[in-house]
Peer 1: 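Structure below; questions to follow.
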Amino acid sequence: MEFQFILVEANYQPNIALVRLNRPKELNALNLQLMLEMKEALAQLDANEEVRCIIITGNEQAFAAGADIKQMESKTAIDLLKIDQFETWDQIRKTKKPIIAAVSGFALGGGCELAMTCDMIIAAESAKFGQPEIKLGIMPGAGGTQRLTKAVGKAMAMEMVLTGKFIGAEEAKNIGLVNRVVPDEVYLDEAVKLAKEIAQMSPVAVRLAKESVLKAFDSGLQEGLYFERKNFYMCFASEDQKEGMNAFIEKRKPVFKGN
Ligand code: DAK
């Protein structure tokens, strides 16, 4: 598949892939084609053994200013039902490798939801987050009411979703929406730094651990603990577990191969 609205570098850095949203004139508004491309790119990168961590970013001005309002405006409920965009969005959620959102500028509506669907968010000081759908007479449709509430709690989620207000990067950090805030010039470098740290770990353990953390999102505590336990046992089926523990005992750096 040729990509028109995203740029993909599978080998941006060793073991680290970069997906850049690329509709700068439209502030990276997420049209249907862009999301299909995102789905395809993530599936490819997930299947690429060389890739251990994925970064999704936009440009300095915008991560993404939301779904494409011009494309959505004339749609009926039945049109949306038939398009069934959820399958596309679910692919992001289903990606097994860790995904870091490197956010500068606007992350609004579907853009904020896209960032929240990633596993971690590095925010530039200029980043602005919001769920302004209410101002368009709609509400968040790609997980915003759920993921935002789980990330920041009911009070702030309710205020953001019901007023559409934007919050700055510092506030986003204070309420637990983002991992850290860094100067605009280095937000991508910081994301790469974090990705490199993760890429050094056992890909098997990273996959199982990511799955288990996500399980906390969509299950009750008992079910989540049970799931975590199974994945914990499964780590001991990997050579990486032996390598990691032997390296510790032998006081050397482990070499994880993903087996
Ligand atoms: N869609 C389409 N075009 C957009 C856009 C958007 N979301 N955001 C910006 N643009 C376009 C503008 O129309 C403008 O284009 P031209 O007029 O030059 O042709 C260009 O980008 C530059 O924008 P502005 O001139 O407005 O720039 P400003 O700096 O003055 O303002 C802004 C920046 C981000 C505050 C403003 O553009 C803005 O308010 N944008 C809309 C933000 C918004 O309401 N976002 C939420 C959209 S609704 C679903 C999945 C996802 C969703 C729903 C369902 N399913 C899976 C079913 C998500 C829904 C949404 O995100």
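Numbers here simply count residues along the sequence, with the first being 1. Remember, it's 1-based here, ligands and their atoms both numbered in the order they're listed.
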Peer 1: Is atom 47 (C) of ligand 1 less than 4.0 angstrom from at least one protein heavy atom?
Peer 2: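 Within 4.0 Å: yes, protein heavy atom nearby.
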Peer 1: Kindly give the heavy-atom pair with the smallest separation between Pro140 and Val161, and that separation in Å.
Peer 2: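 Heavy atoms only, the tightest pair is CD-CG1, 4.0 Å.
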Peer 1: Using a strict cut-off of 4.0 Å, indicate which atoms of ligand 1 neighbour a heavy atom of Gln85.
Peer 2: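 Under 4.0 Å from Gln85, ligand 1 has these atoms: 56 (C).
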Peer 1: Minimum heavy-atom separation for Asp240 to Pro203, with atom names?
Peer 2: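 So the two residues come closest at OD2-CD, 3.4 Å.
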Peer 1: If you scan the protein for heavy atoms around atom 31 (O) of ligand 1, do you find one that is closer than 4.0 Å?
Peer 2: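 Neighbour list for atom 31 (O) of ligand 1 is empty of protein heavy atoms (cut-off 4.0 Å).
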Peer 1: Is it the case that ligand 1 has an N or O less than 3.5 angstrom from some N or O of Gly110?
Peer 2: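 There is such a contact, yes.
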Peer 1: Identify the residue among Arg207, Lys210, Glu211, Lys215 that makes a side-chain contact (heavy atoms from CB on, under 4.5 Å) with Asn231.
Peer 2: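 The passing option is Glu211.
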Peer 1: Look at atom 10 (N) of ligand 1 and say which protein heavy atom is nearest, naming residue and atom and giving the distance to 0.1 Å.
Peer 2: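 Minimum-distance protein heavy atom for atom 10 (N) of ligand 1 reads Glu26 O, 3.8 Å.
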Peer 1: Between Phe86 and ligand 1, does any nitrogen or oxygen pair lie at a separation below 3.5 Å?
Peer 2: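 N/O-N/O distance below 3.5 Å does not exist for this pair.
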Peer 1: Record the part of Lys135 in heavy-atom contact with ligand 1 below 4.0 Å; permitted values are side chain, backbone, both and neither.
Peer 2: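 None of Lys135 does.
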Peer 1: Are there protein heavy-atom neighbours of atom 25 (O) of ligand 1 below 4.0 Å?
Peer 2: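 When distances to the protein are checked, atom 25 (O) of ligand 1 has no heavy atom within 4.0 Å.
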Peer 1: Taking all non-hydrogen atoms of both residues, which atom of Ile134 and which atom of Leu162 are closest, and how far apart?
Peer 2: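 In terms of heavy atoms, the two residues are closest at CG2-O, 3.7 Å.
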Peer 1: Just jot down the ligand 1 atoms closer than 4.0 angstrom to any heavy atom of Leu136, in number order.
Peer 2: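 Matching atoms, with element in brackets: 44 (O), 47 (C), 48 (S).
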Peer 1: Using every non-hydrogen atom in the two residues, find where Cys112 and Ala107 come nearest and quote the distance to one decimal.
Peer 2: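 Between these two residues, the closest heavy atoms are CB-O, 3.3 Å.
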Peer 1: Below 3.5 Å, N or O to N or O, backbone or side chain included: is there any such pair between Gly111 and ligand 1?
Peer 2: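 No.
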Peer 1: When you measure from atom 8 (N) of ligand 1 to the protein, is at least one non-hydrogen atom found at a distance under 4.0 Å?
Peer 2: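 Yes.
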Peer 1: Which of the numbered atoms in ligand 1 are below 4.0 angstrom from a heavy atom of Trp89?
Peer 2: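 Taking each heavy atom of Trp89 in turn, ligand 1 has 50 (C), 51 (C), 56 (C) under 4.0 Å.
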Peer 1: At under 4.0 Å between heavy atoms, is it the side chain or the backbone of Leu30 that contacts ligand 1, or both, or neither?
Peer 2: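 The answer is neither.
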Peer 1: Is Phe3 linked to Val51 within one hydrophobic cluster, defined over Ile, Leu, Val, Met, Phe, Trp and Tyr using a side-chain heavy-atom separation of less than 4.5 Å?
Peer 2: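 Phe3 clusters together with Val51.
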Peer 1: With heavy-atom distances below 4.0 Å as the criterion, list the atoms of ligand 1 near Met72.
Peer 2: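 That gives atoms 48 (S) of ligand 1.
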Peer 1: Side chain or backbone of Ala67 under 4.0 Å from ligand 1, or both, or neither, by non-hydrogen atoms?
Peer 2: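 Ala67 to ligand 1: contacts from backbone and side chain alike.
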Peer 1: Only one of Gln85, Glu40, Gln91 clears side-chain contact (heavy atoms from CB on, under 4.5 Å) with Met35; which?
Peer 2: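 Running side-chain contact (heavy atoms from CB on, under 4.5 Å) over Gln85, Glu40, Gln91 with Met35 returns exactly one hit, Gln85.
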Peer 1: Looking at atom 28 (P) of ligand 1, is any protein heavy atom nearer than 4.0 Å to it?
Peer 2: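 No, there is no protein heavy atom closer to it than 4.0 Å.
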Peer 1: Is atom 20 (C) of ligand 1 less than 4.0 angstrom from some protein heavy atom?
Peer 2: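 Answer yes: something from the protein, a heavy atom, is under 4.0 Å.
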Peer 1: Has Leu80 got any heavy atom lying under 4.0 angstrom from an atom of ligand 1?
Peer 2: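 Contact check Leu80 vs ligand 1: negative.
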Peer 1: Under the salt bridge (charged side-chain N to carboxylate O under 4.0 Å, His left out) criterion, do Lys193 and Glu190 qualify, and how do the steps go?
Peer 2: CA-CA 5 Å; Lys193 217 190 276 176; Glu190 281 294 320; 3.1 Å; yes
Peer 1: Check whether Leu36 and Phe5 end up in the same hydrophobic cluster, where Ile, Leu, Val, Met, Phe, Trp and Tyr are linked by side-chain heavy atoms less than 4.5 Å apart.
Peer 2: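 Result: yes, single cluster for both.
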Peer 1: Protein heavy atom under 4.0 angstrom of atom 61 (O) of ligand 1, is there one?
Peer 2: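 Under the 4.0 Å cut-off, atom 61 (O) of ligand 1 does have protein heavy-atom neighbours.
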Peer 1: Within ligand 1, which atoms have a heavy atom of Ala142 less than 4.0 Å away?
Peer 2: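 Those qualifying, in numeric order: 50 (C), 51 (C).
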Peer 1: When hydrophobic residues are tied together by side-chain contacts of less than 4.5 Å, even through go-betweens, does Val181 share a cluster with Phe63?
Peer 2: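 Same cluster: Val181 reaches Phe63 through Ile, Leu, Val, Met, Phe, Trp or Tyr contacts under 4.5 Å.
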Peer 1: Take a 6.0 Å sphere around CD of Glu87 and say whether it holds more than 12 heavy atoms from other residues, nucleotides or ligands.
Peer 2: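 No - once you tally the heavy atoms of other residues, nucleotides and ligands closer than 6.0 Å, there are 12 at most.
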Peer 1: Please report the shortest heavy-atom distance between Gln200 and Phe256, naming the atom on each side.
Peer 2: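 Heavy atoms of Gln200 and Phe256 come nearest at O-CD1, 2.9 Å.
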